[in-house]
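Below is one structure, written out as structure tokens, with a few remarks after it.
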Amino acid sequence: MFRPSTRHNIPSSSTNPALEVKVNKRQSGIGANPAGPSTRYPYRLNFYETPPTLDITLEEFETFAISRLRVLSQIEALSHRSLPYAQVQSSITNYTKTHLNLSSNTARNVNLDEERRRDEIGHWVLRLSFCRSPDLRARFVRSEVALFKNRFETDDVNERSSFLKSLQLDWQVVDENEKMRYEKELKLCMWEKKDEAFKNESWFKVPWHTVPDLVGSRKVYIRAGMAYVPQSLQISLVLQAFASRLEKALELTAKNLPRLDEDDRLGPVIDHLASSFLSGVASSDYQSSDSAAAQGVVTAEMVDDVARKHFPPCMRNLYDRLKRDHHLKHFGRLQLGLFLKGIGLPLDEAVVFWRRMYGATMSDDKFNKEYKYNIRHSYGQEGKRTNYPPKSCQQILTQNQPGTQDSHGCPFRHFSPDNLSAFLSSTYPQIDRGSSEMRDILDSVKATHYHVACTRVFELTHGIKKGEGLGGSESVAHPNKWTDRSRELEREVVERIKKKEDSDEMMIDQ
């Protein structure tokens, strides 16, 4: 479908125009008036029915899709955390502003074309990734519907009304005579049953099977196979139309995908996006936060204290095993070593740390010959001199699966329920083995929502309200982000105590 380029090669026409994406720089939105309304995208909302005819690069192909994938992964995580509806919607709104902002036509000093171009390309790329199996399609549709619902509810009223008119949805408007004929039955479907409310309400007729959620909750009157839907529940009609069209489009894409003349550079990108979504997290290289950098360098002497206070379960398991056995296998050393590098352990201190942890079980000569090179290599000082980033949750979950004698990997995925319960209760005293919190964690693990379980452990061990996660309802997607946020919270507590002590001293002096 996509034929990314370096901005100048135009793809040949497709035998299926509905699946074709041409390269056309004039329609890309680049150079559009940054403060004016979009000419290509007249509405903020989008049913994504026509593939974009846009000029895109390989970098945009991947980065736009990853941005959207982060949002969809966050939405899926929120849906499994049993949070109040208002908190979920607020979290989605805040998260999309950061990773996939989409402004209304009334916004000023915003390049609407570029925002909506990014949104559209990301959606269509993810269609390629998630059309391949029924499970991926179902999860993709659920997340896309939730994103569309959030945008629909926060959209400008006039712009939303114009968008709905442009869809030309096949809804039959109930005239006044029919409305009065079934007044008694229709009032039973309304929360507000006063005559004035009924008089001001408008109604639509649609086939009953198109609104199963309203039928199941008995919010509509059904007669002769038609459901009478009030204007106040219009969003259910819109969401059902969006979901059904997207489901059909994904099935069509799946059928045509083998026949598409794809660039062979796209296969690994598409596979990577799909595996990221299945693991529940969108992969990204770790970038040390400003707060983490402000906390300074970690020395070999400090690692034990930092591990006890701030290590996530995967790294705490590796560190405890290393401390106990004075040995880790290759992938365990790699996972822990890159993590320590990410939290601020410099190369010289890393050499000291690993030599100390191996202790008397290994001679200096053997350590220098067999292990010091690998440490320097991971810091980019040997071999190809690549500066390797710490492993993300997605990489830990999907790459180099551990065997029975290995200790790397993710405890939530690779431990048995009994071993996981024992590990968590012994490592984190805040979590009792028989508590309801432990049951919540195990339920998330059973449903393969490992990042949700890990996020809940973070909340419990840091005294954070359920649903807040790492802040702003963000789920754990990288071990180093767990540690950065944990150390940041500790620093905030220390600063509050210091301010209080200073204030008390000032009162005494007075």
### Query
So which of K149, R160, R44 actually passes salt bridge (Lys or Arg N to Asp or Glu O under 4.0 Å) with D155?
R44
### Task
Compute whether any side-chain donor of one residue and acceptor of the other, for N419 and S416, lie under 3.5 angstrom apart.
yes
### Message
Could you tell me if the side chain of L345 sits less than 4.5 Å from the side chain of Y379, heavy atoms only?
### Response
yes
#### Entry: Distance in Å, S143 OG paired with E76 CD, rounded so as to fall on 0.5 Å steps
4.5 Å
### Task
Fit a plane to each ring of Y373 and H377, take the angle between them on a 0 to 90° scale, and name the class: parallel (under 30°), tilted (30 to 60°) or perpendicular (over 60°).
tilted
### Atom of M357, atom of H326 and distance for their closest heavy-atom approach
O-ND1, 2.9 Å
### Check: H478/Q394 side-chain N/O donor and acceptor closer than 3.5 Å
no
### Query
Do the charged groups of E490 and K309 touch, with an N to O distance under 4.0 Å?
yes
### Query
Relative to each other, are the rings of Y358 and Y371 parallel, tilted or perpendicular (30° and 60° limits)?
tilted
### Message
For F47 and F148, I'd like to know if the aromatic rings sit close, meaning centre-to-centre distance below 6.0 Å.
### Response
yes
### Query
Less than 4.5 Å apart, any side-chain heavy atom of Q335 and any of C314?
yes
### Message
Between E488 and R491 (salt bridge meaning N to carboxylate O under 4.0 Å), is one present in this structure?
### Response
no
### Task
For the residue pair S79 and R142, confirm or rule out a side-chain donor-acceptor distance under 3.5 Å.
no
### Message
Could you check whether any side-chain heavy atom of L442 comes within less than 4.5 Å of a side-chain heavy atom of S421, counting everything from C-beta outward?
### Response
yes
### Message
I'd like to check the side-chain contact (heavy atoms from CB on, under 4.5 Å) partners of N94; sequence neighbours left out, ordered by chain and number.
### Response
S90
### Query
Roughly how far, to the nearest 0.5 Å, is the OG atom of S67 from the CD atom of E62?
10.5 Å
### Task
Answer yes if the side chains of S486 and H462 hold a donor-acceptor pair under 3.5 Å, and no otherwise.
yes
### Task
For residues P479 and C393, determine if any side-chain heavy atom of one lies less than 4.5 Å from a side-chain heavy atom of the other.
yes
Which atom pairs, one a donor and one an acceptor, fall under 3.5 Å between side chains of residues 209-217 and the rest of the protein, sequence neighbours left out?
{"from": "T210", "atom 1": "OG1", "to": "P207", "atom 2": "O", "distance (Å)": "2.6"}
{"from": "D213", "atom 1": "OD2", "to": "S236", "atom 2": "OG", "distance (Å)": "3.3"}
{"from": "S217", "atom 1": "OG", "to": "D213", "atom 2": "O", "distance (Å)": "2.9"}
{"from": "S217", "atom 1": "OG", "to": "L214", "atom 2": "O", "distance (Å)": "3.4"}

## Note on the structure
When rounded to the nearest 0.5 Å, the distance separating OH of Y428 from CZ of R316 is 6.0 Å
### Query
Which pairs pass salt bridge (Lys or Arg N to Asp or Glu O under 4.0 Å) with one or both residues in residues 438-456, sequence neighbours excluded?
R456-E459
### Message
Quick one, Y450 and V476 - any side-chain contact, counting heavy atoms below 4.5 Å?
### Response
no
### Summary
To the nearest 0.5 Å, atom CG of L128 lies from atom NE2 of H123 at 10.0 Å
#### Entry: I343 and L340, any side-chain heavy atoms less than 4.5 Å apart
yes
### Task
Look at atom CD of E251 and say whether more than 12 heavy atoms of other residues, nucleotides or ligands are closer to it than 6.0 Å.
yes
### Query
What is the ring orientation for H449 with H451, classed by angle as parallel under 30°, tilted 30 to 60°, or perpendicular over 60°?
perpendicular
### Message
How about CD on E370, more than 12 heavy atoms from neighbouring residues, nucleotides or ligands closer than 6.0 Å, or not?
### Response
yes
### Query
Looking at residues at least two apart in the chain, or sitting in another chain, which of them share a side-chain contact (heavy atoms from CB on, under 4.5 Å) with N101?
K97, S103, E115
### Query
Any salt bridge between R356 and E301, counting N to O under 4.0 Å?
yes
#### Entry: Y41 and E120: side chain donor to acceptor below 3.5 Å
yes
### Query
Ion pair present between D365 and K369, side-chain N to carboxylate O less than 4.0 angstrom?
yes
### Query
Can you tell me how far the CG atom of L334 sits from the CG atom of N374, to the nearest 0.5 Å?
9.0 Å
### Query
Is the charged tip of R485 near the ring of F458: under 6.0 Å from the six-membered ring centre and within 45° of its axis?
no
Would you give me the side-chain donor-acceptor pairs under 3.5 Å for residues 403-413, sequence neighbours excluded?
{"from": "D406", "atom 1": "OD2", "to": "G403", "atom 2": "N", "distance (Å)": "2.8"}
{"from": "H408", "atom 1": "NE2", "to": "N400", "atom 2": "O", "distance (Å)": "2.7"}
{"from": "R413", "atom 1": "NH1", "to": "L397", "atom 2": "O", "distance (Å)": "2.3"}

### Query
Side-chain donor-acceptor pair under 3.5 Å between K341 and N387, yes or no?
yes
### Query
Any ring pair (Phe, Tyr, Trp, His ring centres under 6.0 Å) pairs touching residues 334-356, not counting sequence neighbours?
F311-F339
### Pair S475-R81, side-chain donor/acceptor within less than 3.5 Å
yes
### Query
Can you check whether R324 reaches R321 side chain to side chain, under 4.5 Å on heavy atoms?
yes
### Query
Looking at P52 and W124, what are the two nearest heavy atoms and their distance?
CD-CD1, 3.5 Å
### Task
Identify which one of T96, N46, D119 satisfies the side chain to side chain donor-acceptor pair (under 3.5 Å) criterion when paired with R151.
D119
### Message
A side-chain contact here means heavy atoms from C-beta on lying under 4.5 Å apart; do V220 and W208 qualify?
### Response
no
#### Entry: Q395 (side chain) donor-acceptor with S392 (main chain) under 3.5 angstrom
yes
#### Entry: Neighbour count >12 (heavy atoms, 6.0 Å) for atom NZ, K466
yes
